[in-house]
Colleague: 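Please see the structure below; I have some questions.
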Amino acid sequence: MFSNIIRMVEEAQNKPSRIAKFIDRIESKYVIGVLIIVPIFIFFLYYFLSLPLEEAFYRGMVLLTVASPCALVASATPATLSAISNGAKNGILFKGGAAMEALSTMNILYTDKTGTLTYGDFQVVDYHLDQELLKEVIYMEQQSSHPIGRAIVCAFKDIDLAQVKQAEPIEEVAGSGIKKGNILVGKPDAFKHYDKFNQFQKVLEKGDTTILVANGNEVVGYFSLRDQIRPQSASTVANFQKEGIKVCLLTGDNEKVAAQVAKLINVNDYIASMLPEDKIDFVLKSQGKEEVVGMIGDGINDAPALANADIGIAMGSGSSVAMESSDVVVVKNDLSKLFYSYKLSKKLNKIIIQNVIFSIAVIITLITLNMFGVLGLPLAVLFHEGSTILVILNGLRLLGSEKSKEDVSGAYQTA
């Protein structure tokens, strides 16, 4: 985890924001333009305004000094790195300035449920399965890193697995479950066409997370599990919605579970029984409407959607694949910090705009004063370098940005 964080920080420095990229693109052209204009300016003053060569050259050097884009170049990068550093101190790791900048422009936020809005700390509350098959399922789930698999293993940790055949390979069926020979363990949607599926409808309607077990083409048992919602989930969703961002729950769980969680957290919308490719479709459809899409997830199944979203956000406790696919990592799983970073992103964009406007205004003012011959070289250097220092200091203010009292009180009320 630590080595991943170091590598992600290195990546962040190589992924500048759009404004920083734009400034980098125009910088070389701007400098070449200034180098061409300065001798033309000296020539104009000497031949057309009949100024002495020494004075014309002196004013040309003043122009070269004040037209230098130092402050403009420093408008974005120090501020962006300060914001990324601030986010890291608060448990949010950004992989680049582009992600930090894009967060404030987000229109819709899609979120996974298990391990994201909830702890992903399941407990088995009911089950029905033959003892021999139960041993097989526990052995299969031992090979899985999914929170549901860990919960099943934990609930039956005292069962002896010595008689289980361990030579047979275990396959992970993406978006459905795991398989060993004829035994399939997974979410209900994967079993709709299996025999005796309808006999388990009452179990599925209880509102718990249900995992079915099939042997061959027949559903033979189930596990019912319950999860706990993170205390920050409701307040974070409410804060994003106040900012005009739509929050939509995308989950692989059944309709009852999804509806219950959506009601408790008060999201704008929810869609149940989602496969990994379904989540990608929702992300792409929103992007097709010119919306900036954020996606939060923690599992392997979320990785494709995280990679396709404009801002992919992974939970720190999630799979390494999810973290690799994302642009932002919530290191300590505190969703309230994500909203804090959203506000930080808005402040970053505001400061960058302030810096750009200030830098351009200073350059134009100093060039104008030089045109009228009222600006000497010492003052030109003082104002030019002073403006660069002010721009950098303005960006460094983001190092000390703190959470607002309103955000803190909201978190305490939810807890």
Colleague: Run Glu243 and Lys346 through salt bridge (charged side-chain N to carboxylate O under 4.0 Å, His left out) and show every step you take.
Modeller: CA-CA 11 Å; Glu243 296 291 325; Lys346 296 198 80 165; 3.8 Å; yes
Colleague: Drop me the distance from Leu335's CG to Gln232's CD, to the nearest 0.5 angstrom.
Modeller: 6.0 Å
Colleague: Does Thr116 offer a backbone N or O that forms a donor-acceptor pair with the side chain of Arg230 under 3.5 Å?
Modeller: yes
Colleague: Apply side-chain hydrogen bond (donor to acceptor under 3.5 Å, both in side chains) to residues Asp208 and Thr210 and explain how you reach the verdict.
Modeller: CA-CA 6 Å; Asp208 294 325; Thr210 304; over 6 Å; no
Colleague: With respect to Phe240, which candidate in Val267, Thr111, Ile108, Leu338 satisfies the side chain to side chain contact (heavy atoms under 4.5 Å, CB included) definition?
Modeller: Leu338
Colleague: Looking just at side-chain N and O atoms, do Asn268 and Gln241 make a donor-acceptor pair shorter than 3.5 Å?
Modeller: yes
Colleague: Whether the Ser286 and Tyr110 side chains hold a donor-acceptor pair (N or O, under 3.5 Å, no angle test) is what I'd like checked.
Modeller: yes
Colleague: Regarding Arg150 and Asp121, does a basic nitrogen lie under 4.0 Å from an acidic carboxylate oxygen?
Modeller: no
Colleague: Take the angle between the ring planes of Phe44 and Phe48 and call it parallel below 30°, perpendicular above 60°, tilted in between.
Modeller: parallel
Colleague: So, taking the atom named OG1 in Thr65 and the one named NE2 in His384, what distance separates them when rounded to the nearest 0.5 Å?
Modeller: 7.5 Å
Colleague: Determine, stepwise, if the pair Phe57 / Tyr46 fulfils ring-ring contact (aromatic ring centres under 6.0 Å, His included).
Modeller: CA-CA 9 Å; Phe57 183 79; Tyr46 180 70; over 10 Å; no
Colleague: Under 3.5 Å, side chain of Thr118 to main-chain N/O of Lys113, donor-acceptor pair present?
Modeller: yes
Colleague: If you round to the nearest 0.5 Å, how far is NZ of Lys180 from CD of Gln166?
Modeller: 7.5 Å
Colleague: Closer than 3.5 angstrom, by distance alone: can the side chain of Ser341 be matched with the main-chain N or O of Lys337 as a donor-acceptor pair?
Modeller: yes
Colleague: So, does Ser345 use its side chain to make a donor-acceptor pair with the main chain of Met100 at under 3.5 Å?
Modeller: yes
Colleague: Working to the nearest 0.5 angstrom, can you tell me the gap between Leu63 CG and Asn370 CG?
Modeller: 5.5 Å
Colleague: When you measure from the side chain of Lys256 to the backbone of Leu204, do you find a donor-acceptor pair of N or O atoms at a distance under 3.5 Å?
Modeller: no
Colleague: Would you please classify the geometry between the Phe156 ring and the Phe223 ring as parallel, tilted or perpendicular, with 30° and 60° separating the classes?
Modeller: perpendicular
Colleague: First locate atom CZ of Phe94, then atom CG of Leu103, and finally report the distance between them rounded to the nearest 0.5 Å.
Modeller: 5.0 Å
Colleague: List the steps, then state whether side-chain contact (heavy atoms from CB on, under 4.5 Å) holds for Leu212 with Lys187.
Modeller: CA-CA 6 Å; Leu212 296 181; Lys187 59 185 185 179; over 6 Å; no
Colleague: So, Ser224 versus Asp126: side-chain donor-acceptor pair below 3.5 Å or not?
Modeller: no
Colleague: Would you check if there is a donor-acceptor pair between the side chains of Tyr340 and Asn86 at a distance under 3.5 Å?
Modeller: yes
Colleague: In Å and rounded to the nearest 0.5 Å, what is the OG to CD1 distance from Ser144 to Ile178?
Modeller: 5.5 Å
Colleague: Would you confirm whether Asp112, through its side chain, and Ile296, through its main-chain N or O, come within 3.5 Å as a donor-acceptor pair?
Modeller: no
Colleague: Regarding Tyr270 and Glu255, do their side chains bring together a donor and an acceptor under 3.5 Å, going by distance alone?
Modeller: yes
Colleague: Under the 3.5 angstrom rule, does the side chain of Asp278 hit a backbone N or O of Leu275 as a donor-acceptor pair?
Modeller: yes
